[in-house]
Visitor: 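For reference, the structure I am asking about is given below.
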Amino acid sequence: ETQGGKMITTYKSVRSKIKEGDILLCSGKSDVSKIIKKISKIGYEDRNVQYTHIGIFDWWHGRLMVSEACEGKGVQHNNFSNKYIQEPYEGRLFIARVNSESPEIKDVMAKLADAMSCDYSESDLVKIALNKLSGTKFKSDPNDNSFICSELVNHAFGYIFKNKNKFCIPNDIAYSGKLSIIYEII
């Protein structure tokens, strides 16, 4: 089934079509995801989907993996099926592909490899929330070696989605006009 330009499909039927460098977008239903949606919606009120998490796909020895920054765990390289399919994700899963402005995928993967095991940035979450809710003007520190999920993706892609001195949330990437959502996994 196709809806809004994306194909709604099962993981089994789409797995082999996912390419290295494709992007995972999540719209979660957990309590934490609900808070992220409320804050992220500011500036994106007209959008049907509010994204709560993002990562980058790659293949490792025939396994579909996702590199992501996870709260309390830092930057990780996770088996996608184990984390999101076998234990069903509570929410919606989308796969997007970056348009022709994308840097070479080998360069994206090198930046991800360099970021592995870096810390998750809880302080950036607080600053983003304050900026969105109270209008403060905290800026991202491009020399900081900790990440939230969307800052990791923006960093890996050479800041094509948002200036490196500004905070980046999943909606900023999803609605940047620089990628197309091609699948929703059901």
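Residue numbers run from 1 in the order of the sequence given. Note that the coordinates shown come from a computational prediction; the quantities given were computed from them, not determined experimentally.
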Visitor: Ignoring hydrogens and geometry, is there a side-chain-to-backbone donor-acceptor pair from Lys162 to Phe167 under 3.5 Å?
Guide: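 A pair under 3.5 Å: yes.
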Visitor: For Asp22 and Ile95, indicate whether the former's side chain and the latter's backbone hold a donor-acceptor pair under 3.5 Å.
Guide: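 No, because the side chain of Asp22 does not come within donor-acceptor range (under 3.5 Å) of the backbone of Ile95.
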Visitor: Does Thr52 reach the main-chain N or O of Gly28 with its side chain, forming a donor-acceptor pair under 3.5 Å?
Guide: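 Yes: the side chain of Thr52 pairs with the backbone of Gly28.
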Visitor: Nearest 0.5 angstrom please: Leu24 CG to Lys83 NZ, how far?
Guide: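 The CG atom of Leu24 sits 9.0 Å away from the NZ atom of Lys83.
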Visitor: Determine whether Phe80 and Ile18 satisfy the following criterion, side-chain contact (heavy atoms from CB on, under 4.5 Å), listing intermediate values before the conclusion.
Guide: CA-CA 11 Å; Phe80 177 75; Ile18 298 171; 5.5 Å; no
Visitor: Over all heavy atoms of both residues, which pair between Leu25 and Pro170 is shortest? Give the atoms and the distance, please.
Guide: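 Result for this residue pair: CD2-O, 4.4 Å.
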Visitor: Once rounded to the nearest 0.5 Å, what's the spacing between atom CH2 of Trp59 and atom CD of Glu20?
Guide: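 So the CH2 of Trp59 and the CD of Glu20 are separated by 10.0 Å.
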Visitor: When you group the ILVMFWY residues by side-chain heavy-atom contacts below 4.5 Å and let the links chain together, are Ile54 and Val108 in the same group?
Guide: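 Yes, Val108 connects to Ile54 through the hydrophobic network.
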Visitor: Tell me, do Lys17 and Tyr183 make a side-chain contact under 4.5 Å, heavy atoms counted?
Guide: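 Yes, their side chains come closer than 4.5 Å.
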Visitor: Please answer: with hydrophobic residues joined when any side-chain heavy atoms are less than 4.5 Å apart, are Phe147 and Tyr120 in the same cluster?
Guide: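 Same cluster.
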Visitor: Looking at CG of Leu64 and OG of Ser81, how far apart are the two atoms once the value is rounded to the nearest 0.5 Å?
Guide: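 Here the rounded value is 8.5 Å.
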Visitor: Does one hydrophobic cluster hold both Met65 and Ile85, with members joined at side-chain heavy-atom distances below 4.5 Å?
Guide: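 Per the 4.5 Å side-chain linkage, Met65 and Ile85 are not co-clustered.
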Visitor: Compare every heavy atom of Val49 with every heavy atom of Arg92, then report the nearest pair and how far apart it is.
Guide: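 Nearest pair, atom of Arg92 first, then Val49: NH1-CG2, 3.7 Å.
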Visitor: Compare every heavy atom of Cys70 with every heavy atom of Glu68, then report the nearest pair and how far apart it is.
Guide: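 Nearest heavy atoms, Glu68 then Cys70: CG-SG, 3.5 Å.
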Visitor: Where do Ala115 and Leu152 come nearest, in terms of heavy atoms and distance?
Guide: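 The answer is CB-CD1, 3.7 Å.
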Visitor: With a 3.5 Å distance limit and no angle check, can you tell me whether Trp60 reaches the backbone of Asn79 through a side-chain donor-acceptor pair?
Guide: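 Side chain of Trp60 to backbone of Asn79: no pair is present.
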Visitor: For Tyr84, run the ring pair (Phe, Tyr, Trp, His ring centres under 6.0 Å) check against Phe57, Tyr11, Tyr89, Phe94 and tell me which one passes.
Guide: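 Only match with Tyr84 under ring pair (Phe, Tyr, Trp, His ring centres under 6.0 Å): Tyr89.
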Visitor: Check step by step if side-chain contact (heavy atoms from CB on, under 4.5 Å) holds for His77 and Asp58.
Guide: CA-CA 9 Å; His77 193 227; Asp58 70 284; 2.8 Å; yes
Visitor: Roughly how far apart are Met7 CE and Ile186 CD1, rounded to 0.5 Å?
Guide: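 Answer for the CE-CD1 pair, Met7 versus Ile186, is 11.0 Å.
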Visitor: What is the distance from atom CD1 of Ile148 to atom NE2 of His53, rounded to the nearest 0.5 Å?
Guide: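 Between atom CD1 of Ile148 and atom NE2 of His53 there are 10.5 Å.
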Visitor: Quick check: closest heavy atoms across Gln50 and Ser27, and the distance to 0.1 Å?
Guide: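 Minimum heavy-atom separation between Gln50 and Ser27: O-OG, 2.9 Å.
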Visitor: With a sphere of 6.0 Å drawn around CD of Glu45, does it hold more than 12 non-hydrogen atoms of other residues, nucleotides or ligands?
Guide: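 Enclosed: over 12 neighbouring heavy atoms sit under 6.0 Å from CD of Glu45.
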Visitor: For the backbone of Tyr51 and the side chain of Asn171, can you confirm whether one donor and one acceptor N or O come within less than 3.5 Å of each other?
Guide: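 Checked: pair present.
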Visitor: Carefully, step by step, assess Asp172 and Asn154 under the rule side-chain contact (heavy atoms from CB on, under 4.5 Å).
Guide: CA-CA 10 Å; Asp172 291 333; Asn154 195 34; over 6 Å; no
Visitor: To the nearest 0.5 Å, how far apart are CZ in Arg97 and CD1 in Ile181?
Guide: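 Reported to 0.5 Å precision, the distance equals 13.0 Å.
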Visitor: Atom CZ of residue position Arg47 - does it have more than 12 heavy atoms of other residues, nucleotides or ligands inside 6.0 Å?
Guide: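 Yes, because the 6.0 Å sphere around CZ of Arg47 holds more than 12 heavy atoms from other groups.
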Visitor: Ignoring hydrogens, what is the shortest heavy-atom contact between Ala96 and Leu179? Give both atom names and the distance.
Guide: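 Ala96 and Leu179 have their closest heavy atoms at CB-CD1, 3.6 Å.
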